[in-house]
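Some notes on the structure that comes next.
Note that ligands are numbered from 1 as they come in the structure, with each ligand's atoms numbered from 1 the same way.
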Amino acid sequence: MPATRVKVCGLTNEADLETAVDAGADAVGIICDVPVDTPREVSVERARDLVASAPPFATTVLVTMASDPDRAVELVADVGPDAIQLHGDADRDLLERLKSDTDADVLLAIDSDEVADVKRYDEIVDGLLVDTVDEEGGGGTGETHDWERTKAAAADLESPLILAGGLTPENVAEAVRTVEPFAVDVASGVEAEGGVKDPEAVRSFVHGAKNATRSAKSNSESEPHPEP
Ligand SMILES: O=C(O)c1ccccc1N[C@@H]1O[C@H](COP(=O)(O)O)[C@@H](O)[C@H]1O
């Protein structure tokens, strides 16, 4: 099984973005234009600066709840991310507009309680993220969900599965081994305070995600062999 990709989300400053990339994160998430109250939201201008500060080979992801297609297309043009991640009321029209009018990869967040429906947009999007969302469809809740249910519902997906919701340095390895996702995504679980990352937690999270299968294997290899 290839190493699980990691996205560190909700970055609000350049130092935290650098910490995430240096720790080995494959993607960095910047939250912009969301109606929910979150310390991780930044302005369009800040989002553009943060995206511009990311080094080559680090995928930049704009996370938004903008549901109007014109607005979403405008955000991609203004911020310039590699991918856009949509939470909330994303419909087929919005997804198709983003695919046709931007070069960004389109990632769709699905409520874990509606994971049975996860295949609905499989053929349109570039990735499906299953998250434990709030009443408005926003993420960053810090809550896990039923990982076995998510794994079963995502079994036949064409699109890469991204697991989110309540992941932490302590539980990410178990999450990876249970769900075997393409990638994991974390926001509040690696923070020192709202909107500020804890560098040690970021490093520990990335290490835990990327070595999850290796540590399971080496644990089983180090178990004593049964007597013949
Ligand atoms: O993090 C937020 O505040 C947020 C707000 C609105 C939409 C999405 C948001 N974050 C996304 O949710 C996942 C999971 O967050 P957490 O790890 O449970 O805190 C996060 O990775 C973002 O992609």
Worksheet item: Is a side-chain N or O of T102 found less than 3.5 angstrom from the main chain of V76, in a donor-acceptor match?
Response: no
Worksheet item: Hey, are E123 and R92 close enough for a salt bridge, meaning a charged N less than 4.0 Å from a carboxylate O?
Response: yes
Worksheet item: Quick one: does G142 get an N or O within less than 3.5 Å of an N or O on ligand 1?
Response: yes
Worksheet item: Which of these, P39, G139, S188, has its nearest heavy atom closest to atom 4 (C) of ligand 1?
Response: G139
Practice prompt. Identify the protein heavy atom lying closest to atom 10 (N) of ligand 1, giving its residue, its atom name and the separation to 0.1 Å.
Written response: G140 N, 3.4 Å
Worksheet item: Which residue holds the protein heavy atom closest to atom 13 (C) of ligand 1, what is that atom called, and what is the gap in Å?
Response: D131 OD2, 3.3 Å
Worksheet item: Going by distance only, is there an N or O of L167 that falls short of 3.5 Å from an N or O of ligand 1?
Response: no
Worksheet item: L94 and L128: same hydrophobic cluster, using ILVMFWY side-chain contacts below 4.5 Å?
Response: yes
Worksheet item: Applying a strict 4.0 Å limit to heavy atoms, is Q85 in contact with ligand 1?
Response: yes
Item to complete: Measure the distance from atom 22 (C) of ligand 1 to every protein heavy atom, then report the residue, atom name and distance (to 0.1 Å) of the closest one.
Response: C9 SG, 3.4 Å
Response to the item:
What one should report as the nearest heavy-atom pair of L50 and L17 is O-CD1, 3.5 Å
Worksheet item: At under 4.0 Å between heavy atoms, which part of E41 makes contact with ligand 1: side chain, backbone, both or neither?
Response: neither
Worksheet item: At a non-hydrogen distance cut-off of under 4.0 Å, which region of T38 contacts ligand 1 (side chain, backbone, both, or neither)?
Response: side chain
Discussion item. Nearest 0.5 Å, please: how far is CZ in R149 from OG in S112?
Written reply: 5.5 Å
Item to complete: Check whether any side-chain N or O of E158 sits under 3.5 Å from a backbone N or O of D122 as a donor-acceptor pair, and report yes or no.
Response: no
Discussion item. Donor-acceptor pair, distance only, cut-off 3.5 Å: does the side chain of T60 make one with the backbone of V51?
Written reply: no
Discussion item. Tell me whether K210 contacts the main-chain N or O of T4 through its side chain, where contact means a donor paired with an acceptor under 3.5 Å.
Written reply: yes
Discussion item. For G166, state whether at least one heavy atom is located under 4.0 Å from any atom of ligand 1.
Written reply: yes
Discussion item. Less than 4.0 angstrom from a charged side-chain N to a carboxylate O is my criterion; do E200 and R203 meet it?
Written reply: yes
Worksheet item: Is the shortest distance from a heavy atom of G165 to ligand 1 less than 4.0 Å?
Response: yes
Practice prompt. Please identify which atoms of ligand 1 are closer than 4.0 Å to at least one heavy atom of V186.
Written response: 17 (O), 21 (O)
Practice prompt. Provide the number and element of each atom of ligand 1 under 4.0 Å from a heavy atom of K7.
Written response: 23 (O)
Item to complete: Please test Q85 against H87 for side chain to side chain donor-acceptor pair (under 3.5 Å), starting from the C-alpha separation and ending with a verdict.
Response: CA-CA 7 Å; Q85 175 181 321; H87 283 248; 2.9 Å; yes
Response to the item:
Going by the 4.0 angstrom heavy-atom rule, the piece of V63 near ligand 1 is side chain
Item to complete: Report the part of V36 (side chain from C-beta onward, or backbone N, CA, C, O) that has a heavy atom under 4.0 Å from ligand 1; answer both or neither where that applies.
Response: side chain
Discussion item. Quick test: of every protein heavy atom, which one is nearest to atom 1 (O) of ligand 1, and how far off is it to 0.1 Å?
Written reply: R40 NE, 2.8 Å
Discussion item. Using 0.5 Å steps for rounding, measure from the NZ atom of K7 to the CG atom of L163.
Written reply: 12.0 Å
Fill in: ligand 1 to A187 polar contact by distance, N or O atoms, under 3.5 Å
yes
